[in-house]
There are 2 protein chains.
Amino acid sequence: MLLRTNTPSSRPVDGHLAALAGERVFCSEFRYRRGTEVFGEGEETEYVYQIIAGAVRTYKLLSDGRRQINSFHLPGDMFGLENGAVHRFTAEAVVETRVRITRRRSLLETMQGRESGASSFLGLVTRNLQHAENHMLLLGRKTALERVAAFLLELDERLGHPRILVLPMSRRDIADYLGLTLETVSRACSTLRGQKMLKFEGATQRQIVLLDRKGLAEYDA
Amino acid sequence: MLLRTNTPSSRPVDGHLAALAGERVFCSEFRYRRGTEVFGEGEETEYVYQIIAGAVRTYKLLSDGRRQINSFHLPGDMFGLENGAVHRFTAEAVVETRVRITRRRSLLETMQGRESGASSFLGLVTRNLQHAENHMLLLGRKTALERVAAFLLELDERLGHPRILVLPMSRRDIADYLGLTLETVSRACSTLRGQKMLKFEGATQRQIVLLDRKGLAEYDA
DNA sequence: CGTAATGTTGACTCTCATCAAGTTCTGTGG
DNA sequence: CCACAGAACTTGATGAGAGTCAACATTACG
């Protein structure tokens, strides 16, 4: 959507982001191995990212290691574009992830030219805010089962209701997104399976078929 | 800050907001009794508000009545300015509250003229987002005591570290903001008092003196 | 194919919610 | 200004939902 218009050419690059810093590339493709940090909390907001394939988690940590994942970013999603000079959270690749990278400055310059630029930026921030508002309701007031049901429906929605929902993230990631423990997430999935709301497809527990979206939605009070 | 520049004149008006709808006032003052709704979830975003005195809570409800308060707005704060056509949550006066009201349209028009306008708007949304990000960490991962300590420090900070912290909101409001019950909030306050981190001033439990801000900050892991 | 990572399940614990009683505070009317 | 009623707050007893600890199963991956 947004970045796509500012992408005259893209060439694959290997190595860490720092390798890009000295170059004058306008926009290029990049690859992160699973678990790799894309940027850290407090780092300068020098680049803007769009996912081509894979998934990214953004999170905050407490001093003793407790983690809260703000959001998962999926193919097509943009992230890392913030108003301030430094990132307010950390971004990591959940799985092997390909990303399109643009310099923040050049993006903002391009934006200033077009009238739609500023409003695209605003729309992006607003969408994030809206998601955060809904997530606060979930974290503050929903039960474990409601949270997991809401999570599955959110992902299903964002992936366009595929027959098989392929989760890129682990139970621990889901737990840290939903404010639960991985055991509780696992139990909730088992409960929902017992209620015939979902089933696991194939060998792995990362592939889920939603059998009863309406039933799941009822949990999502 | 923002609205102040767009306030050629203001006159006090009584009665409900609807009374304003037909009028051609550019900006005026308004009063809400405690517990009164300023706007509801789903209503059109026709006005923008700035608090002169009092306090406002914004919240979302689940179908069975569970409530999550997103934020409290205090004197000087703006609220109700959203990107979309309808409000995503409800706003209510916590106590008797005086508010400055502007038509959204006229504010946005004024903004378009100035270069600073769009960035003020963006700054507002960004601050809200930043607050929401921190609050998700609190709701997802902090203990009851940590939440209450964080709440007191947040309010203390926003009110400019007064000797006496006067809470405009009830224990229930605090609970619904922190994702707890009112009993748990009450107990946490008692615990902190037992630890000499705070004391109640005068007759009421709404007036708190923070005796050990450093100690409270340590809870805020 | 074997080892490490991930996921499930069970037993038990603990924090916070619920229920309930009593106290304190506030606002209103006499 | 005081008395009263309702709201707000505190505190205690108990319970439930989710966390912790642990064992085991399954899957992924070199």
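So you know, we letter chains A, B, ... as the sequences are listed, proteins then strands, and number each from 1.
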As a test of understanding, state which of A:Y59, A:Y49, A:Y47, A:F39 forms a ring pair (Phe, Tyr, Trp, His ring centres under 6.0 Å) with A:H87. A:F39
Do NZ/NE/NH1/NH2 and the carboxylate oxygens of B:D64 and B:R66 come within less than 4.0 Å? yes
Pairs touching residues 51-60 of chain A that satisfy salt bridge (Lys or Arg N to Asp or Glu O under 4.0 Å), sequence neighbours left out: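 Those involving residues 51-60 of chain A are A:R57-A:E92, A:R57-A:D173.
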Within residues 139-151 of chain A: residues closer than 4.0 Å to DNA chain C (heavy atoms): none
For residues 155-162 of chain B, which side-chain N or O atoms pair as donor and acceptor with protein atoms under 3.5 Å away, sequence neighbours left out?
residue, atom, partner, partner atom, Å
B:D156, OD1, B:R213, NH2, 3.0
B:D156, OD2, B:H161, ND1, 2.8
B:D156, OD2, B:R213, NE, 2.7
B:R158, NH1, B:F72, O, 3.2
B:R158, NH1, B:E154, OE2, 3.3
B:R158, NH2, B:F72, O, 2.8
B:R158, NH2, B:D77, OD2, 2.7

Determine the contact category for A:G35: base if any of its heavy atoms lies under 4.0 Å from a base atom, sugar-phosphate if only primed atoms, P, OP1 or OP2 are that close, otherwise nothing.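 If one applies the 4.0 Å heavy-atom cut-off, A:G35 turns out to touch nothing in the nucleic acid.
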When we call it a touch if two heavy atoms are under 4.0 Å apart, what does A:G179 touch: a base, just sugar-phosphate, or nothing?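 The answer is sugar-phosphate, as A:G179 gets under 4.0 Å only of primed atoms, P, OP1 or OP2.
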Protein-proximity profile, nucleotides 3-13 of chain C, B/S/- by nucleotide at the 4.0 Å heavy-atom cutoff, equals ---SSBBBB--
Plane angle bin for A:F30 and A:Y32 - parallel if under 30°, tilted between 30 and 60°, otherwise perpendicular: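 Tilted: the ring planes of A:Y32 and A:F30 meet at 30° to 60°.
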Helical bend (five base pairs per end, nearest 10°) for the helix from C:dC1-D:dG30 to C:dG30-D:dC1: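 The value is 50°.
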Neighbours of DNA chain C within residues 52-72 of chain B, by heavy-atom distance under 4.0 Å: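 Nothing qualifies; none.
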For A:T58, give me all partners under side-chain hydrogen bond (donor to acceptor under 3.5 Å, both in side chains), at least two apart in sequence or on another chain. A:S71
Does the pair A:L165 and A:L198 meet the rule for a side-chain contact (heavy atoms from CB on, under 4.5 Å), with working shown? CA-CA 10 Å; A:L165 189 57; A:L198 58 83; over 6 Å; no
Please enumerate all residues that pass side chain to side chain contact (heavy atoms under 4.5 Å, CB included) together with B:A149, with sequence neighbours excluded. B:L216, B:Y219
Would the distance check show the side chain of A:H135 and the main-chain N or O of A:Y177 forming a donor-acceptor pair, the cut-off being under 3.5 Å?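 Yes: the side chain of A:H135 pairs with the backbone of A:Y177.
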Contact span of DNA chain D against chain B, any nucleotide atom under 4.0 Å from a heavy atom, 5' to 3', runs D:dA8 to D:dA13
Partners meeting side chain to side chain contact (heavy atoms under 4.5 Å, CB included) with B:P75 (sequence neighbours left out):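 B:P75 satisfies side chain to side chain contact (heavy atoms under 4.5 Å, CB included) with B:I51 once adjacent residues are dropped.
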Mark yes or no for whether A:T126, through its side chain, and B:E82, through its backbone, hold a donor-acceptor pair below 3.5 Å.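 Here the side-chain-to-backbone pair does not exist.
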Would you please name every residue forming a side-chain hydrogen bond (donor to acceptor under 3.5 Å, both in side chains) with B:D176, sequence neighbours left out? A:R141, B:R67
Mind checking whether B:H131 and B:N128 have side chains closer than 4.5 Å, heavy atoms only?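 Side chain of B:H131 against side chain of B:N128, heavy atoms only: no contact under 4.5 Å found.
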Distance, rounded to the nearest Å, where B:D176 contributes CG and C:dA17 contributes C1': 13 Å
Are A:S170 and A:R206 close enough that some pair of their side-chain heavy atoms sits under 4.5 Å apart?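 Yes, close enough: below the 4.5 Å cut-off.
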Pairs where residues 182-201 of chain B contributes a residue and the test salt bridge (Lys or Arg N to Asp or Glu O under 4.0 Å) is met, not counting sequence neighbours: B:R163-B:E201
